[in-house]
Structure formats: C-alpha cells, structure tokens
Amino acid sequence: MNDVDASALRRKTVRWYGRNARDLPWRHSDCSPWGVLVSEFMLQQTPVARVLPVWRSWVETYPAPADLAAAPTGDAVRAWGRLGYPRRALRLHAAATAIVRDHGGEVPPDNDALLALPGVGRYTAAAVASFAFQQAHPVLDTNIRRVLGRVLTATPEPSASPSAAEYALAARLLPATGNAAARWNSAVMELGALVCTARTPRCDDCPLRTDCAWLRAGRPAAETPGRPRQAWHGTDRQLRGAIMAVLRAGGPVVLENFRADPASGAEVPEAGLGAAQIDALARLRDLNPDDARVDRLIGDLCADGLAVTRDGSLSLPQ
DNA sequence: CAATCGTGGCG
DNA sequence: TCGCCAAGATT
C-alpha cells in the first residue's frame, strides 16, 4: 500500500459514509464519553439493533459513571436485560467504580487509562479514545478487520484475533488528525456492518469494489475457520442463561437443600433448585439438568458475582 | 493459546 | 428449519 492508494481508499470510504451512515445515538456530537463507553460495552458481540433500546434506558437511568457506581450490581445486571454476556454488566459497573475512584468520575481520554478499566480491551480502549475523544488511534473490530483484510490482502474473513501486521496496516492507513481518524474508523466499520458483511457481501454497492483484492481474486472462501464455533445446544451456557433469566424475571430462586460451608460459614446450595424453578427451566427446550450440574453452575454464577445465595435462595446481588 | 461466556434474528 | 454470527474480554 502506498500513499496514493491509502488516500483514495479513505476518500471513497468517507464519502460513502457521509451518504450511508446510520443515525446512531452514540455517534451524536452531544453524546458524552460515558455514553460512548456504555455503547462499546453493549456492542461487544451484540448487534446494534438489540443494543439500541437498552442503551437508551441505560443512559437515562445511569447518566454518569457515578450513578452506576452507586447502584447495586444486581440492578446493573437487571438493566442489562437480555443483551447476553451479563458479565459485561458487572464489568461496566466495575469500570464505573474505577472511573469514580481514579478519574474523578470522568471517563479518562488516555488510551492506557481506558485499557486499565475492567472489561476494556484493546479494541474498546481505542474505540473510546477515537470516537469519544477524537484521538488518532487505530481501531480493529471484526468489521474493520474484515474490510481491510478483503480489500488489501484478499483475506476472506478475519482470524481469531488481530495480528501485529493488521495493526501496522491499520496504523499506516490512519489519517493524521484525530477528527479525520475517528471519521475513517467509523466509516470503515460502517462499511463492514452494512456492505462488506461476513455472509453475503453486497460488492455491487461497495465504494471500494474497484480496489478490492478479494473481489478481484473471485471472492474465495475461507480455508481455515476463524473463531471456533460457539457451542450452545444443551450446553452449560444454555442452562446458565436460563438460570439468569429466572433471576432477572423475579427471583429469588428457592434452593432445594442447603448447608453451611464449614470453612467460611457461608451458605452454599447442596441439591439444586426447587421444583418450581426446575419446571421453569425445563420449559426451555432440551434442558434436563441434574442437581449436580445445577449446583456447579450456581457456584460459578456466585463466583462470577452474578448471583448470591442467602436464606435458602438464589438471587441477583443486592 | 484455546476455551468460555448469552441472546435472538436472519438467510 | 437451523446453523451462522454480531463494535470482544478474560483466564
């Protein structure tokens, strides 16, 4: 890639973005860095359409980091609704707490400070630094990786995690000024979300169709799978999700048997959920959990901070 | 590094 | 219908 190519790619992509960008609330100029941070947490592995309504209610309930930090973690998990990966709600709460404690209640603009927050990895730190603070950081999410990979190296689909070469390439393409870099990052991401999609890319509508190495090569399919396929049917994850759904809906969940842990004195479940809860869980297809399995998952949920046992019942943390 | 962690819409 | 997969992070 030389400078002429990079310049042309940026011009075409940003022009396309100007005409085709979705009107997303976290892109508005009046959206706070906190609003951007919340959106980035919610958008981790979750589609925009599902995030939108939850994001709106969330920023209304928790307009600043201090508002979330002051709330019980169980409230955060409940407000998370059915976005999935409820640990993200816990980590966002922990991030808000750290922001209050270490940054005066304001989302820090520094990439390293962002990276130090719970639940913030390389992508999210760069995204917030770029989108909320207009800093020139290369952002590599799955959309941008797919677009750049296809256009520049004819790579059908991104690998499991971004390589150093991908970061070097993204850094070389990045416009110098923070504002231009943010616009470019948004534009490539949007192109990946709307046109250069994983399954059926709309190459006819792509502003980069005459530049794309992958299209030129005949759109070859991937040889080796990228991310490992997510198991779901009948797995622990499914049952874990079902238990969390019961807790969000109205818990607490009555536990069948109980004993006091001799070491800590804490109460721990011994023989699974009560009959009513088993019925509730069994309504979901293919769930037939034995007590030992339920106990193990309850233990995991408590260890993760997603649930607590108390007085013979399981509930969201206070 | 590979496994784990939810959910639901869509082709 | 049912497998694919969506702005990742953590251990």
Side-chain angles (χ1 to χ4, degrees), chain A residues 21-22 24-27 35-55 77 80-92 94-95 114-132 137-148 157-163 170 182 185-194 196-202 221-222 224-248 284-287 296-297 300-301 303-307:
Chain A
R22 291 167 294 181
L24 303 175
W26 45 84
R27 286 179 181 159
V36 174
L37 181 65
V38 171
S39 78
E40 292 303 339
F41 266 80
M42 292 183 171
L43 288 163
Q44 291 168 3
Q45 299 287 283
T46 304
V48 167
R50 199 175 311 160
V51 164
L52 271 170
V54 182
W55 182 89
V77 172
W80 197 254
R82 305 185 67 80
L83 283 182
Y85 294 147
R87 289 191 296 190
R88 290 182 295 168
L90 248 35
R91 290 176 181 150
L92 183 52
L114 288 165
L115 202 51
L117 296 173
V120 175
R122 191 166 184 179
Y123 160 75
T124 300
V128 173
S130 179
F131 300 147
H137 284 280
V139 172
L140 282 186
D141 78 315
T142 189
N143 287 308
I144 295 181
R145 293 183 62 212
R146 187 173 54 248
V147 172
L148 298 184
E157 66 181 39
S159 59
S161 61
S163 66
N185 284 328
S186 294
V188 183
M189 194 178 298
E190 192 77 337
L191 186 62
L194 299 182
C196 191
T197 55
R199 254 168 309 185
T200 55
R202 303 165 48 199
T224 60
R227 306 176 78 84
R229 198 169 60 80
Q230 297 177 344
W232 175 248
H233 216 59
T235 61
D236 285 352
R237 291 173 80 175
Q238 187 181 25
L239 179 54
R240 188 179 152 109
I243 295 173
M244 287 304 299
V246 172
L247 293 183
R248 283 195 307 267
L284 303 174
R285 290 190 322 169
D286 302 320
L287 284 180
R296 177 171 53 80
L297 292 178
D300 289 346
L301 288 173
D304 288 345
L306 285 167

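For the numbers below, each heavy atom of this structure counts, side chains included, while hydrogens, waters and symmetry mates do not. Below, read A as the first sequence line, B as the second, and so on, with proteins coming before strands; counting in each chain starts at 1.
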- Task: Describe the nucleic acid contact of A:Ile144 in one word from base, sugar-phosphate, nothing, applying a heavy-atom distance below 4.0 Å.
- Result: nothing
I'd like a table of donor-acceptor pairs (distance under 3.5 Å, sequence neighbours excluded) in which one partner is a side-chain atom from residues 114-125 of chain A, with atom names and distances.
residue, atom, partner, partner atom, Å
A:Arg122, NE, A:Tyr167, OH, 3.4
A:Tyr123, OH, A:Glu40, OE1, 2.7
A:Thr124, OG1, A:Gln44, NE2, 3.0

- Task: Could you pull out all residues at least two apart from A:Arg91 that satisfy side-chain hydrogen bond (donor to acceptor under 3.5 Å, both in side chains)?
- Result: none
- Report the distance from atom CG of A:Asp300 to atom P of B:dT4, rounded to the nearest whole Å. 12 Å
- Task: Give a yes/no answer on whether the side chain of A:Arg199 brings an N or O atom under 4.0 Å of OP1 or OP2 in B:dG9.
- Result: no
- Residues passing the side chain to side chain contact (heavy atoms under 4.5 Å, CB included) test with A:Ala231, sequence neighbours excluded, are A:Thr235
- Task: Could you tell me whether A:Ala198 contacts a base, only the sugar-phosphate backbone, or nothing, with contacts defined as non-hydrogen atoms closer than 4.0 Å?
- Result: sugar-phosphate
- Item | Candidate list A:Leu301, A:Leu247, A:Ile243, test side chain to side chain contact (heavy atoms under 4.5 Å, CB included), partner A:Leu306, passing option | A:Leu301
- Integer-rounded Å distance: B:dT7 P and A:Met42 CE: 15 Å
- Using side-chain hydrogen bond (donor to acceptor under 3.5 Å, both in side chains) as the criterion, list what pairs up with A:Thr46, not counting sequence neighbours. A:Arg88
If you restrict it to nitrogen or oxygen atoms, what contacts under 3.5 Å exist between nucleotides 7-11 of chain C and the protein, and what is each distance?
residue, atom, partner, partner atom, Å
C:dA7, OP1, A:Asn143, ND2, 3.1
C:dA7, OP2, A:Asn143, OD1, 2.9
C:dA7, OP2, A:Asn143, ND2, 3.2
C:dA7, O5', A:Asn143, ND2, 2.9
C:dA7, O4', A:Asp141, OD2, 2.9
C:dA7, N9, A:Tyr123, OH, 3.4
C:dA7, N7, A:Glu40, OE2, 3.4
C:dA7, N6, A:Trp26, NE1, 2.7
C:dG8, OP1, A:Thr142, N, 3.4
C:dG8, OP2, A:Gln45, N, 3.2
C:dG8, OP2, A:Gln45, NE2, 3.1
C:dG8, N7, A:Arg227, NH2, 2.1
C:dG8, O6, A:Arg227, NH2, 3.0
C:dA9, OP1, A:Gly121, N, 3.0
C:dA9, OP1, A:Thr124, N, 2.9
C:dA9, OP1, A:Thr124, OG1, 2.5
C:dA9, OP2, A:Tyr123, N, 3.4
C:dT10, OP1, A:Gly119, N, 2.7

- The side chain to side chain contact (heavy atoms under 4.5 Å, CB included) partners of A:Arg296 (sequence neighbours excluded) come to A:Asp236, A:Arg293, A:Asp300
- Message: Between the base of B:dT7 and the side chain of A:Arg82, is one N or O donor paired with an acceptor at under 3.5 angstrom?
- Response: no
- Specify the separation, in whole Å, of atom NE2 of A:His233 and atom P of C:dC2. 8 Å
